[in-house]
Amino acid sequence: MTLAVATQVLLIVCGVMSIVTIGVETFGITSATAYLDGYTSAIDLINTYDRVTLIVTILAAIAILATGVLWVLWQYRAAKHAAGQTRRSPGWHVGSWVVPIICLWFPYQNISDLWRATGRSRPAWQIVWWACWIVSSVLFQIATRIFAVAEDLELFRLGMSLSLAGEVFQMAAVPFAWLIVRDITLGITRRSAVGIPKMVS
């Protein structure tokens with residue numbers, strides 16, 4: 001239960017960092033647009049954006065990394081409690097997040113199995129959570145590649161726009177992720193407390 005609560009807290013932190021990042025990226029896009037429109041004094045704003053975004057990016061990366069570590073630990077323990085009721089082992093509940101290609105759908109199936117272990121079908125909004133997560137991940141990857149090759153402010157502004165869009169989708173995924181951790185944890189805890197036997201699927 002403590003691990004679940006810690007994961008939920010860090011999910012909220014990630015949501016807050018997404019809001020902060022959206023504000024910073026909006027400021028950067030506005031500054032870049034002003035400069036491209038001929039307001040050369042906006043270069044000072046762009047320099048400010050560079051300094052602020054470095055700090056925010058580091059803090060956001062720490063938050064998402066810490067949240068990811070706690071999430072997979074929580075999911076591993078939840079899968080152990082649901083042993084015999086999931087398609088995959090607890091180890092695969094962790095590994096499926098990092099293996100290329102299968103990370104696009106295995107984690108979704110694994111969470112669905114954990115819902116089943118609580119005696120519930122997966123909620124209709126789970127697909128919204130997963131779609132937001134996948135879209136945000138794709139947008140971040142594209143933005144990162146653009147930042148790596150950008151040689152002019154126009155292309156850099158495109159990267160900022162994609163990064164902002166990625167943060168919006170990530171922020172949208174946070175409430176659903178929070179509910180997943182809370183409700184699956186409560187469900188498994190309650191079923192364990194009343195001694196409901198495990199059923200092999």
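Along the sequence shown, residues carry numbers from 1. Quick note: numbers below take in every heavy atom, side chains included, and nothing from hydrogens, waters or symmetry partners.
Panel note: side chain Thr53, backbone Tyr49; no donor-acceptor pair is recorded below 3.5 Å. Between the side chain of Gln126 and the backbone N or O of Tyr108 there is at least one donor-acceptor pair closer than 3.5 Å. The main-chain N or O of Gln85 is found under 3.5 Å from a side-chain atom of Arg116 such that the two form a donor-acceptor pair.
The two atoms that bring Leu155 and Ala150 nearest to each other are CD2-CA, 3.7 Å, heavy atoms only. In this structure, Ser112 and Arg122 approach most closely via the heavy-atom pair OG-CD, 3.2 Å. Contact between Ile46 and Tyr35 at its shortest, heavy atoms only, is CD1-CB, 3.8 Å. Pairing each heavy atom of Ala60 with each of Thr21, the nearest pair is CB-OG1, 4.5 Å. In terms of heavy atoms, Trp129 sits closest to Ala173 at CD1-O, 3.5 Å. Residue Val94 comes nearest to Val72 through the heavy atom pair CG2-O, 3.6 Å, listed as atom of the first residue, atom of the second, then distance.
Both Val52 and Met160 are assigned to one and the same hydrophobic cluster, defined by single-linkage of ILVMFWY side chains at heavy-atom distances under 4.5 Å. Hydrophobic clustering of Ile, Leu, Val, Met, Phe, Trp and Tyr side chains at less than 4.5 Å, counting indirect connections, unites Phe106 with Val135. Grouping the Ile, Leu, Val, Met, Phe, Trp and Tyr side chains by contacts below 4.5 angstrom, directly or via other members, places Leu162 with Val138. Residue Ile55 is grouped with residue Leu164 when hydrophobic side chains (ILVMFWY) are merged at heavy-atom distances under 4.5 angstrom, including chains of intermediate members. Follow the hydrophobic side-chain contacts under 4.5 Å out from Leu114 and you reach Trp105 in the same cluster.
In this structure the side chain of Ile111 never reaches within 4.5 angstrom of the side chain of Trp130, judged on heavy atoms. The shortest distance between side-chain heavy atoms of His93 and Tyr76 does not fall below 4.5 Å. Using a 4.5 Å heavy-atom cutoff, the side chains of Val174 and Ser18 are not in contact. Counting heavy atoms from C-beta on, the side chains of Leu104 and Ile134 come closer than 4.5 Å. Between Trp97 and Cys103, every side-chain heavy-atom pair lies at or beyond the 4.5 Å cut-off. Two residues are said to be in side-chain contact when any heavy atoms from C-beta on lie closer than 4.5 Å; Val128 and Cys132 meet this criterion.
The closest side-chain donor-acceptor pair between Ser96 and Arg88, if any, does not fall under 3.5 angstrom. Side-chain contact, Trp74 with Thr185: a donor N or O sits under 3.5 Å from an acceptor N or O. Donor-acceptor pairing under 3.5 Å is lacking for the side chains of Ser136 and Glu167. Using modelled atom types, one finds a donor on one side chain and an acceptor on the other under 3.5 Å when comparing Trp71 with Gln75.
Under the 30°/60° scheme for interplanar angles, the aromatic rings of Trp125 and Phe176 are found to lie parallel.
Under the side chain to side chain contact (heavy atoms under 4.5 Å, CB included) rule, Val181 has a single partner from Thr7, Leu70, Leu3, which is Thr7.
Residue Trp115 holds its CH2 atom at 4.5 Å from CZ of Arg120, rounded to the nearest 0.5 Å. The OG atom of Ser163 sits 9.5 Å away from atom CD of Gln170, with the distance rounded to the nearest 0.5 Å. A distance of 4.0 Å separates CD1 in Ile22 from CE in Met171, rounded to the nearest 0.5 Å. To the nearest 0.5 Å, atom CG of residue Leu153 and atom CG of residue Leu158 are 11.5 Å apart. Atom CD1 of Ile188 is separated from atom CG of Asp183 by 11.5 Å, given to the nearest 0.5 angstrom. The CD1 atom of Ile102 sits 10.0 Å away from atom CD of Gln109, with the distance rounded to the nearest 0.5 Å.
Shown here is Phe169, whose CZ atom has no more than 12 heavy atoms of other residues, nucleotides or ligands within 6.0 Å.
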